[in-house]
Amino acid sequence: MRLEQLVDALDRGGVGQLKYEHVCKAIGVTITGTPADWPRDEERARALQDELRTRVVVDEPGPPPGSGLVTGVDVAYDDERDVVAAAAVVLDAATLEVVEEATAVGRVAFPYVPGLLAFREIPTVLAALGELTSGPGLVVCDGYGLAHPRRFGLAAHLGVLTGLPVVGVAKNPFTFTYEQPGPRRGDSSSLLDGGEEVGRALRTQDGVKPVFVSVGHRVSLSNACAHTLRLSPGFRLPETTRRADALCRKALREATG
DNA sequence: GCGACAG
DNA sequence: ATCTTGTCGC
């Protein structure tokens, strides 16, 4: 996906106030600044979530597991120097082999506030996605989608901005509750916010702590779980997450030192 | 008011 | 997320 297409997508999505003219190239990575009109305080960030949440698409099953491309995205921080590095790693969904990699480095755009994680991660993640030549296919990110206080976590936010199918796979249950799923790989249970199922606790390896899957955009929950399972043949976390995590850390090392 | 709280 | 040694095990 080229950067111009990404910006077009942003405009078509009615979020044209998000400009990425700060994006430029330098020494093999993309250096991105925070968009001038990016929310600067929690109040405006929550207002933007409330505005964008209505655009989440939940009535599509999403691409079938095991075919096409699947892209993992992740970020690493150097809070001392106010630097963030993002990575996007495209895998062949059938073989889990790496098809393409891209990174971007930028300034931290927002502090970490539970419920507002997307504002911290998304600008640099978009820059990394914009560097990809291949279409990302299904995107898998760290954190939650609809499992969120206002039903608009990182995965949903990224999906609405790009129009891509996105799933969220988190390592912790956040504020939600769940019954312990069965002990075998593939066993799952509901992730609950009160009585509402907002995601699933999914066991990806026998006898290992589950991961927490939720819908981001244009995928069903059951399909999101099926993808997560296929992407996790040997470890607790999906290969997309593992690859993106390793790459963004490397990009941060090379950008910082 | 206090604690908890994706990454 | 990040700070961090050793250690158990394949």
Side-chain angles (χ1 to χ4, degrees), chain A residues 34 38-39 42 45-46 49 52-53 56 72-89 103-126 128 139-160 166-178 190-194 196-202 204-217 221 224 228 233-238 240-253 255-257:
Chain A
T34 305
W38 197 249
E42 300 184 18
R46 291 194 187 88
Q49 285 184 332
L52 295 180
R53 59 187 289 186
V56 177
V73 295
D74 194 17
V75 302
Y77 301 99
D78 182 334
D79 283 313
E80 284 289 289
R81 307 189 198 196
D82 200 38
V83 168
V84 54
V89 180
T103 61
V105 177
R107 309 304 292 276
V108 174
F110 208 86
Y112 172 66
V113 179
L116 300 178
L117 178 65
F119 295 96
R120 184 168 168 81
E121 308 213 332
I122 278 186
T124 317
V125 166
L126 287 178
V139 176
V140 179
C141 58
D142 284 27
Y144 284 119
L146 298 184
H148 179 274
R150 289 170 295 284
R151 303 293 178 267
F152 197 66
L154 173 64
H157 201 140
L158 186 59
V160 167
V166 183
V167 310
V169 180
K171 300 184 270 308
N172 302 292
F174 201 8
T175 61
F176 308 109
T177 59
Y178 66 101
S190 292
L191 185 65
L192 300 171
D193 186 354
E196 182 182 354
E197 180 181 55
V198 293
R200 213 100 83 186
L202 174 66
T204 55
Q205 300 294 320
D206 291 355
V208 171
K209 176 184 171 173
V211 296
F212 304 90
V213 181
S214 66
V215 168
H217 186 61
L221 182 55
T228 302
F235 298 92
R236 175 181 176 233
L237 296 179
T240 38
T241 304
R242 290 164 43 79
R243 290 307 230 298
D245 180 73
L247 184 57
C248 69
R249 291 193 203 207
K250 190 178 84 167
L252 185 64
R253 281 200 310 271
T256 301

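Fair warning: this is a prediction, and the values are worked out from it, not measured in the lab. Residue numbering restarts at 1 for every chain, and letters A, B, ... go by the order of the sequence lines.
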[X] near the nucleic acid: base, sugar-phosphate alone, or nothing, with a heavy-atom cut-off under 4.0 Å?
| X | result |
| --- | --- |
| A/Gly168 | nothing |
| A/Ala147 | nothing |
| A/Leu191 | nothing |

_Non-hydrogen atoms of A/Ser214 and A/Leu221 that approach each other most closely_ = CA-CD1, 4.1 Å
*Please report the shortest heavy-atom distance between A/Cys141 and A/Val166, naming the atom on each side.*
SG-CG1, 4.0 Å
_Determine whether the aromatic ring of A/Tyr112 stacks with the base of B/dG7, defined as ring centroids separated by less than 5.5 Å and ring planes inclined by less than 30°._
yes
Taking atom [atom2] of [N] as reference, at what distance in whole Å does atom [atom1] of [X] sit?
| X | N | atom1 | atom2 | value |
| --- | --- | --- | --- | --- |
| A/Asp245 | C/dA1 | CG | P | 6 Å |
| A/Lys209 | B/dA6 | NZ | C1' | 12 Å |
| A/Phe174 | B/dA6 | CZ | P | 6 Å |
| A/Phe176 | B/dA6 | CZ | P | 10 Å |
| A/Arg81 | C/dT2 | CZ | P | 14 Å |
| A/Asp78 | C/dT2 | CG | C1' | 10 Å |
| A/Asp74 | B/dA6 | CG | P | 15 Å |

*Any side-chain heavy-atom pair of A/Glu197 and A/Leu192 under 4.5 Å*: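 Contact flag for A/Glu197/A/Leu192 side chains = yes.
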Taking only N and O in the side chain of [X], is any of them less than 4.0 Å away from OP1 or OP2 of [N]?
| X | N | result |
| --- | --- | --- |
| A/Lys171 | B/dA6 | no |
| A/Arg120 | B/dA6 | no |
| A/Asn172 | B/dG7 | yes |

*Is A/Asp142 paired with A/Arg120 through a side-chain N to carboxylate O contact shorter than 4.0 Å?*
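So A/Arg120 does not pair with A/Asp142 through a salt bridge.
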*Could you grab the distance from atom OH of A/Tyr178 to atom CG of A/Asp193, nearest 0.5 Å is fine?*
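Interatomic distance, A/Tyr178 OH to A/Asp193 CG, rounded to 0.5 Å: 15.5 Å.
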*Checking side chain to side chain contact (heavy atoms under 4.5 Å, CB included) against A/Val139, which of A/Val167, A/Leu158, A/Val125, A/Thr240 comes through?*
A/Leu158
*Which nucleotide in the list B/dA6, C/dA1, B/dG7 gets nearest to the side chain of A/Tyr144?*
B/dA6
Within the sub-3.5 Å range, which N or O atoms of nucleotides 4-10 of chain C have a protein N or O partner, and how far apart are they?
none

*Could you label the plane-to-plane angle of the A/Phe174 and A/Tyr144 rings as parallel, tilted or perpendicular, counting under 30° as parallel and over 60° as perpendicular?*
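If you compare the ring of A/Phe174 with that of A/Tyr144, the planes turn out parallel.
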